[in-house]
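All heavy atoms count here, side chains included; hydrogens, waters and symmetry mates do not. Here is how names work: the chains are called A, B, and so on, in the same order as the sequence lines, proteins then strands, and each is numbered from 1. Predicted model, so just to flag it, every value in this text is computed and none were measured.
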Amino acid sequence: MGQIKVLPLWQDDTAGMDIAPDTSRATPAAAPPGDLAIWFFILAELLAFGVFFAAYAFGRAHNVELFNEMQKTLNREAGAVNTVLLITASWCVARAVEAVGRSRPATGARWLLAGIACGGGFLVVKGFEYADKFSAGINLSTNTFYMFYLSLTFFHFMHVILGLVILVALWVKTRQGAYGPADMNGIESGAAYWHMVDLVWIVLFPLVYVMR
Amino acid sequence: MNTRHLNTVWVVLMLATLATLGIGEFGARFGLTGPLAMAALLAICFVKGRLVALDFMGLRGVKFFWRSLLLGWLLLVSALIAIAYWIALK
């Protein structure tokens, strides 16, 4: 009759076995999730947006009254709704990655679809904002504030469109079962790009719509 | 990253967004204007950006180098905005 060997708590019962103890919590990963190339792309994008933000802030410093007056003509509630939509889209995408990592591609695809809906909602709200401004005869040459507002938000708008194209591609591939715990590279890379779009808006909203 | 943690992060981000809007809409009624409001908005912005970078982007369990790049960007942008605001006050 075999005897069960009871080990004291401090002794590793995997010693001498092929099972390695879980050290994932203790040792930080060397590289971020997804493809390394996407992270260089993200950093380049952040650098470009950073220069844009600084240009806006220093441009404001020389035209404080104009910027404060023009900021009142913006729809701050629409900006806040768009912040909620982008953050919620990011949360949906993070939940999608988590679900795919647990071998739940169908659940992951549903979360991605919810993220796409929120991102689409952002474009609709921003579209109404632009339509409102353009119908009032506002364009890039109206004044310095609107030159910055239109170019900065439109630059971001284009990134949201690209992000949505990536999310739709991820949704299609996730539905096909292309991703799983053993192959997370594609979905993690696309998700990281989308979160970058969200991160940039998190700075843009208070800077352009609220700070005065 | 477990689902509960992701949900908590989303709730915090929603509350922080509400706080940002609140400062813009009602800050003046409570004396939260000028540099004080500016500092509060930048602090909220940093907290939100940090949560997105660490928990949504998944950098919490990654080596400091990668986290420092994203958080460094946030700090640098916040500092430049604060300096520009300070120049505008003069």
Side-chain angles (χ1 to χ4, degrees), chain A residues 24-25 27-34 39 42-43 46-47 49-51 53-64 67 71 76-77 79-81 83-84 87-88 90-95 97-99 101-102 188 191-192 194-196 198-200 202-203 205-207 209-212, chain B residues 1-3 5-7 9-11 13-14 16-18 20-25 27 33-34 37-38 40-42 44-53 55-67 69-70 73-74 76-90:
Chain A
S24 59
R25 277 179 177 275
T27 316
W39 285 94
I42 285 170
L43 290 173
L46 288 178
L47 197 63
F49 273 106
V51 170
F53 291 151
Y56 174 92
F58 284 96
R60 179 187 175 276
H62 295 290
N63 301 277
V64 181
F67 273 58
Q71 193 192 63
R76 193 184 281 148
E77 286 79 13
V81 167
T83 310
V84 167
I87 289 173
T88 304
S90 244
W91 170 62
C92 291
V93 171
R95 288 291 308 258
V97 172
E98 191 277 337
R102 282 189 298 113
E188 283 178 346
W194 181 262
H195 296 315
M196 181 276 291
D198 180 29
L199 181 63
V200 166
I202 280 172
V203 179
F205 171 59
L207 176 65
Y209 286 81
V210 188
M211 289 175 186
R212 50 190 298 109
Chain B
M1 193 61 60
N2 64 53
T3 56
H5 186 78
L6 290 174
N7 296 347
V9 168
W10 178 75
V11 170
L13 288 170
M14 288 295 105
T17 301
L18 205 63
T20 302
L21 180 66
I23 290 171
E25 295 289 314
T33 54
M38 184 70 181
L41 289 169
L42 283 178
I44 294 169
C45 175
F46 181 78
V47 169
K48 287 170 79 177
R50 185 178 176 275
L51 284 174
V52 168
D55 298 310
F56 285 176
M57 286 179 142
L59 294 181
R60 195 174 284 280
V62 177
K63 278 196 170 174
F64 177 74
F65 169 76
W66 288 100
R67 275 179 285 138
L69 285 176
L70 271 277
W73 176 82
L74 261 177
L76 181 65
V77 167
S78 302
L80 288 172
I81 293 170
I83 290 167
Y85 188 82
W86 180 67
I87 290 170
L89 284 177
K90 289 194 156 191

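- Pairing each heavy atom of A:D198 with each of A:S90, the nearest pair is OD2-OG, 3.0 Å.
- Counting heavy-atom pairs closer than 4.5 Å to chain B, the top-ranked of the candidates A:F58, A:W194, A:Y209 is A:F58.
- At distances below 3.5 Å, not a single donor-acceptor pair connects side-chain atoms of A:W91 with backbone N or O atoms of B:F56.
- For B:T20, there are no side-chain hydrogen bond (donor to acceptor under 3.5 Å, both in side chains) partners at least two apart in sequence or on another chain.
- Across all non-hydrogen atoms, the minimal contact from B:A40 to B:I23 is CB-CD1, 3.8 Å.
- With a 4.5 Å cut-off on non-hydrogen atoms, A:F67 does not touch chain B at all.
- For the set B:L74, B:L41, B:L18, B:T33, the entry with the most heavy-atom pairs within less than 4.5 Å of chain A is B:L41.
- Looking at A:L43, only its side chain comes within 4.5 Å of chain B, counting heavy atoms on both sides.
- For A:N63, the side-chain hydrogen bond (donor to acceptor under 3.5 Å, both in side chains) test picks out no residue, with sequence neighbours left out.
- Highest contact tally toward chain B, considering only A:P32, A:A80, A:A61, is held by A:P32 [criterion: heavy-atom pairs under 4.5 Å].
- A side-chain donor-acceptor contact under 3.5 Å links B:W73 to the backbone of A:L46.
- Heavy atoms closer than 4.5 Å to chain B are found in the side chain of A:V64, but not in its backbone.
- Only the side chain of A:L207 comes within contact range of chain B, with at least one heavy atom under 4.5 Å from a heavy atom of that chain.
- Heavy-atom distances place the backbone of A:A192, and not its side chain, under 4.5 Å from chain B.
- Under the 3.5 Å distance criterion, the side-chain polar atoms of A:R95 are left unmatched by any main-chain donor or acceptor of B:L6.
- A:Q71 places no side-chain N or O within donor-acceptor distance of the main-chain N or O of A:R212, the cut-off being under 3.5 Å.
- Neither the backbone nor the side chain of B:L76 comes within contact range of chain A, judged by heavy atoms closer than 4.5 Å.
- Ranked by non-hydrogen atom pairs under 4.5 Å with chain B, the options A:T83, A:I87, A:V200 are led by A:I87.
- Residues A:P33 and B:V62 meet the side-chain proximity criterion, which asks for heavy atoms closer than 4.5 Å.
- Note on A:Y56, A:F205, A:F53, A:W39: by heavy-atom pairs under 4.5 Å with chain B, the leading option is A:W39.
- Proximity to chain A (any heavy atom under 4.5 Å) is restricted, for B:M14, to the side chain, taken from C-beta onward.
- Residue with the most contacts toward chain A among B:Y85, B:F46, B:F64, B:W10: B:W10 (heavy-atom pairs, distance under 4.5 Å).
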